[in-house]
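Numbers here are sequence positions counted from 1. Values below: every heavy atom of this structure, side chains too, minus hydrogens, waters and symmetry copies.
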Amino acid sequence: MSSLYFKNTLQINQPFSNNKSPILLFDAKTLDISQYNLPDYLSPFELQIINRRKSVSAKQEYLATRLLLKYLVITSHPNMASIQPCNISSEFNLQTSKLALHINNSHTVINTCISHSNGFVGAALNPTKAQFGFDIEKISTKRPFEKLAKHFYHTDEIALITKPANAEDQAKHFFRIWTLKEALAKATSRPIAKLLSPNVFTELTCSQLNASSAVVGKFDISVVSEKSTDWQCSLINLAVLGRAIAL
């Protein structure tokens, strides 16, 4: 059964469909932070957060994920099409372990999910508060993935990782298991630390959740939800993003 999770079944770069929810993917390295007047796009709370980020890459990832979320709000909710991006604020809810969007002068609160790895970011809205999570990780053979797996992972997972003869396939297995664990943690609002040692395939079955995954360039992406076919990923570029929120 675990072999099914290593197949790339997640739809990528398909046109948005009425019966599917989009996960937007974006290269945050294309953002030149110095070219933007941040108060036009970020709420006062978000400005405090991004100003605490020390590295340029961290600032790029933060700004990119917030712009993607605001793009989704503006383009998918007709009644919010005229809202200025700075009047939408993302704040983490410690009680629900969810990142939520708050709309100024409104009681509207929208749950979201984001992920980022080495400048590649993703964002999705979850207005129905369904059990849903996704994760992105860069596949790297330079990291000591076999050592990490033996220290943290379940023995069955270690066997799956070390079974291939070459390091590239081992890395793909390691990071696929990792993105599944992270996505499941987000979907169930559980700390990732509690999902490292259990067998993720067993945990998915016990949670009655489905998973689908794909590889985009050097990145592995996994989605966990009640019905994995409800979600699809779409790559978006700066030009498309800018047309909606006037970058």
Rounded to the nearest 0.5 Å, how far does [atom2] of [Y] lie from [atom1] of [X]?
X	Y	atom1	atom2	value
S76	L125	OG	CG	5.5 Å
N126	T128	CG	OG1	5.0 Å
F6	D220	CZ	CG	9.5 Å
L160	Q170	CG	CD	11.5 Å
E61	S55	CD	OG	7.5 Å
Y62	L42	OH	CG	6.5 Å

What heavy-atom pair brings [X] and [Y] nearest, and what distance separates the two atoms?
X	Y	answer
A124	P22	CB-O, 3.6 Å
C113	F132	CB-CE2, 3.7 Å
K59	I50	NZ-O, 2.9 Å
A211	Y5	CB-CE2, 3.9 Å
N8	V215	OD1-N, 3.7 Å
R143	L148	NH2-CD1, 4.4 Å

* Are R176 and F174 in a cation-pi setup, meaning NZ or CZ lies under 6.0 angstrom from the ring centre and within 45 degrees of the ring axis? ->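 Negative - R176 is either too far from the ring of F174 or too far off its axis.
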* Asked: Do the numbers put K70 on top of the ring of Y41, so that NZ or CZ is under 6.0 Å from the six-membered ring centre and no more than 45° off the axis?
  ->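 So K70 doesn't make the cation-pi contact.
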Do [X] and [Y] make a side-chain contact, defined as non-hydrogen atoms from C-beta onward lying under 4.5 Å apart?
X	Y	result
L10	C233	yes
L99	I114	yes
I12	Q232	no
I88	H102	no
K147	H151	no
I221	S213	no
L24	L241	no
K98	N111	yes

* Asked: Quick one: do E137 and K181 make a salt bridge, cutoff under 4.0 Å?
  ->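 Salt bridge between E137 and K181, a charged N being under 4.0 Å from a carboxylate O: no.
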* **Side-chain ion pair, K186 and D135, N-O less than 4.0 Å** =>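 Answer for the salt bridge query: yes.
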* Asked: Under the side-chain contact (heavy atoms from CB on, under 4.5 Å) criterion, do F26 and T65 qualify, and how do the steps go?
  -> CA-CA 8 Å; F26 179 75; T65 51; over 6 Å; no
* Linking I/L/V/M/F/W/Y whenever any side-chain heavy atoms sit under 4.5 Å apart, do V56 and V121 land together? ->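 V56 does not cluster with V121.
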* **Same cluster (ILVMFWY, side-chain, under 4.5 Å), L72 and V109** =>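 Shared cluster, no.
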[X] and [Y]: side-chain donor and acceptor closer than 3.5 Å?
X	Y	value
S90	E46	yes
S222	T179	yes
N87	N104	yes

Heavy-atom donor-acceptor pair, [X] side chain to [Y] backbone, under 3.5 Å:
X	Y	answer
S207	L209	no
Q131	T188	no
H154	D156	yes

* **Candidate pair S189 and S97, rule side-chain hydrogen bond (donor to acceptor under 3.5 Å, both in side chains), full reasoning** => CA-CA 6 Å; S189 300; S97 297; 5.3 Å; no
* For residues 159-169, which residue pairs qualify under side-chain hydrogen bond (donor to acceptor under 3.5 Å, both in side chains), counting only residues two or more places apart or in two chains? ->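 Every pair satisfying side-chain hydrogen bond (donor to acceptor under 3.5 Å, both in side chains) with a residue in residues 159-169: N166-D169.
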* Which residues share a ring-ring contact (aromatic ring centres under 6.0 Å, His included) with F120, sequence neighbours left out ->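 With sequence neighbours excluded, F120 shows a ring-ring contact (aromatic ring centres under 6.0 Å, His included) to F219, given in chain and number order.
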* **Worked check of side-chain contact (heavy atoms from CB on, under 4.5 Å) between E203 and R190** => CA-CA 12 Å; E203 293 296 318; R190 295 163 67 185; 3.3 Å; yes
* Could you walk me through whether C86 and D40 pass the side-chain contact (heavy atoms from CB on, under 4.5 Å) test, one step at a time? => CA-CA 6 Å; C86 60; D40 290 341; 5.9 Å; no
* Asked: Looking at residues at least two apart in the chain, or sitting in another chain, which of them share a side chain to side chain donor-acceptor pair (under 3.5 Å) with S106?
  ->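 Residues passing side chain to side chain donor-acceptor pair (under 3.5 Å) with S106: T108.
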* Could you tell me if the ring centre of W231 sits under 6.0 Å from that of F134? =>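 No: the rings miss the under 6.0 Å criterion.
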* Just wondering, more than 12 heavy atoms not from D32 lying within 6.0 Å of its CG? ->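 Above 12, so yes.
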* Would you sort out whether S117 and K138 count as a side-chain contact (heavy atoms from CB on, under 4.5 Å), showing the intermediate values? => CA-CA 6 Å; S117 178; K138 184 178 181 181; 3.7 Å; yes
* Asked: Among L25, D27, L68, which residue meets the side chain to side chain contact (heavy atoms under 4.5 Å, CB included) test with I236?
  ->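 Option passing the side chain to side chain contact (heavy atoms under 4.5 Å, CB included) with I236: L68.
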